[in-house]
Amino acid sequence: MDIIGFLKSQFLCHLFISYVFIGTGLIINLIQLFTLPLWPLNKQLYRKINCRLAYCVSSQLVMLLEWWSGTDCTLYTDLTNYSKYGKENAIVILNHNFEIDFLCGWNFCERFGLLGSSKVLAKKELSYVPVIGWMWYFLEIVFCKRKWEEDRKTVVQGLQNLRDYPEHFWFLIHCEGTRFTEKKHEISMQVAEAKGLPKLKYHLLPRTKGFAVTVQSLRNVVSAVYDSTLNFRNNENPTLLGVLNGKKYHADLYVR
């Protein structure tokens with residue numbers, strides 16, 4: 001192991017990175033709080049400012065993936081579609097197999113200048129988490145409790161609020177709803193068999209309600225749906241701790 005690799009694996013480096021991330025994140029959260037009076041006066045200016053502030057937080061995590069760990073994320077797509085990336089609103093469907101797949105999704109957004117304005121459908125509990133959760137709250141992220149009877153109204157309202165968003169944005173959604181495990185896959189395929197649905201080898205049975213409502217609510221606002229599949233070479237099983245330790249992974253992202 002070279003000296004740089006050794007330093008990246010040291011606890012003191014991890015502690016320093018954590019302090020910087022939490023400290024700067026809380027400062028940004030405070031600045032976001034001070035932007036709230038802008039909402040009734042100039043909603044679009046409020047949104048543009050918060051896109052830039054959110055970028056200051058999200059970009060630190062993407063930096064860890066790209067620069068600190070040196071992870072390669074190779075994009076495979078059609079050249080015709082490639083020319084449209086970053087120039088249109090879109091719904092991005094991602095598989096949910098790995099611990100760091102959200103970082104690879106953000107890496108995709110960063111490449112085309114949409115990291116600050118990217119949106120997700122997230123668990124309600126995350127809105128209470130300092131830094132990331134609070135940043136998402138000010139960024140108008142759509143939160144849900146995973147109880148559709150309670151979620152439908154709030155999710156639809158949150159999506160409708162994005163119809164006049166002043167920046168291009170990508171709405172990232174994991175249709176599987178949870179991360180892939182062998183046990184979850186076995187249960188999911190039992191449900192598929194009971195419902196007469198095709199059995200999937202590498203994915204869980206998708207939850208269609210959230211996706212359907214997203215498409216309906218953002219109709220004529222988003223121009224496309226990007227079907228994205230992420231995989232890691234050599235049977236790698238990437239983790240956040242591995243990224244923090246500077247371990248390099250090799251990801252392939254297929255987008256159509």
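Keep in mind that this is a model prediction, so the values were computed, not measured. Quick note: residue numbers are just sequence positions, from 1. Every heavy atom of this structure was used, including side-chain atoms; hydrogens, water molecules and symmetry mates were not.
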- Message: Under the rule for side-chain hydrogen bond (donor to acceptor under 3.5 Å, both in side chains), what residues qualify as partners of Gln44, not counting sequence neighbours?
- Response: Arg47
- Message: Set out, in order, the CA-CA distance, both residues' side-chain angles and the distance that settles ring pair (Phe, Tyr, Trp, His ring centres under 6.0 Å) for Phe138 and Trp134, then state yes or no.
- Response: CA-CA 7 Å; Phe138 292 108; Trp134 294 351; 8.6 Å; no
- Message: Quick one: does any side-chain atom of Ser58 pair with a main-chain N or O of Leu115 as donor and acceptor, under 3.5 Å?
- Response: no
- Arg256 atom CZ: more than 12 heavy-atom contacts under 6.0 Å: no
- Task: Report yes if some heavy atom in the side chain of Ile100 is under 4.5 Å from a heavy atom in the side chain of Phe232; otherwise report no.
- Result: yes
- Inter- and intrachain pairs under ring-ring contact (aromatic ring centres under 6.0 Å, His included), touching residues 47-75, at least two apart: none
- Message: Checking the side chain of Asn245 only, and the main-chain atoms of Leu241 only, is there a donor and an acceptor separated by less than 3.5 Å?
- Response: yes
- Item | Asp164/Lys43 salt bridge by N-O under 4.0 Å criterion | yes
Donor-acceptor list for residues 122-129 side chains, cut-off 3.5 Å, not counting sequence neighbours:
{"from": "Ser127", "atom 1": "OG", "to": "Lys124", "atom 2": "O", "distance (Å)": "2.7"}

- Query: In the hydrophobic cluster built from side-chain contacts under 4.5 Å, what are the other members alongside Phe11?
  - Reply: Leu15, Tyr19
- Item | Contact list for residues 235-256, test ring-ring contact (aromatic ring centres under 6.0 Å, His included), sequence neighbours left out | Tyr76-Tyr254
- Test item: Asn231 side-chain N/O and Asp252 main-chain N/O as donor-acceptor pair under 3.5 Å: no
- Output yes when Arg52 and Glu167 qualify as a salt bridge under the 4.0 Å nitrogen-oxygen rule, no when they do not. yes
- Query: Does Val120 reach the side chain of Phe102, with side-chain heavy atoms less than 4.5 Å apart?
  - Reply: no
- Query: Have Glu110 and Ser59 got a donor and an acceptor in their side chains that come within less than 3.5 Å?
  - Reply: no
- Query: Counting only N and O atoms by type, is there a donor-acceptor contact under 3.5 Å from the side chain of Thr71 to the main-chain atoms of Lys248?
  - Reply: no
- Cluster companions of Phe16 among Ile, Leu, Val, Met, Phe, Trp, Tyr (side-chain spacing under 4.5 Å): Val20
- Quick check: does any side chain N or O of Asp78 sit under 3.5 Å from a backbone N or O of Thr80, one acting as donor and the other as acceptor? yes
- Query: Distance-only, no hydrogens or angles: does the Glu99 side chain make a donor-acceptor pair with backbone N or O of Pro238 under 3.5 Å?
  - Reply: no
- Answer yes or no: is there a donor N or O on one side and an acceptor on the other, between the side chain of Asn89 and the main chain of Phe169, under 3.5 Å? yes
- Message: Are Met189 and Ile187 linked, directly or through intermediate hydrophobic residues, by side-chain heavy-atom contacts shorter than 4.5 Å (ILVMFWY only)?
- Response: no
- Item | Lys87 (side chain) donor-acceptor with Phe112 (main chain) under 3.5 angstrom | no
- Take Phe108 and Tyr85 through the test ring pair (Phe, Tyr, Trp, His ring centres under 6.0 Å) and record every step on the way to the result. CA-CA 10 Å; Phe108 183 34; Tyr85 294 160; 5.7 Å; yes
- Message: Looking only at the side chains, is there a donor atom on one of Thr35 and Asn50 sitting less than 3.5 Å from an acceptor on the other?
- Response: yes
- Query: Ignoring hydrogens and geometry, is there a side-chain-to-backbone donor-acceptor pair from Asn107 to Leu103 under 3.5 Å?
  - Reply: no
- Please indicate whether Lys184 has more than 12 foreign heavy atoms, meaning atoms of other residues, nucleotides or ligands, lying under 6.0 Å from its NZ. yes
- Message: Counting only heavy atoms not in Phe21 (residues, nucleotides, ligands), do more than 12 fall under 6.0 Å from its CZ?
- Response: yes
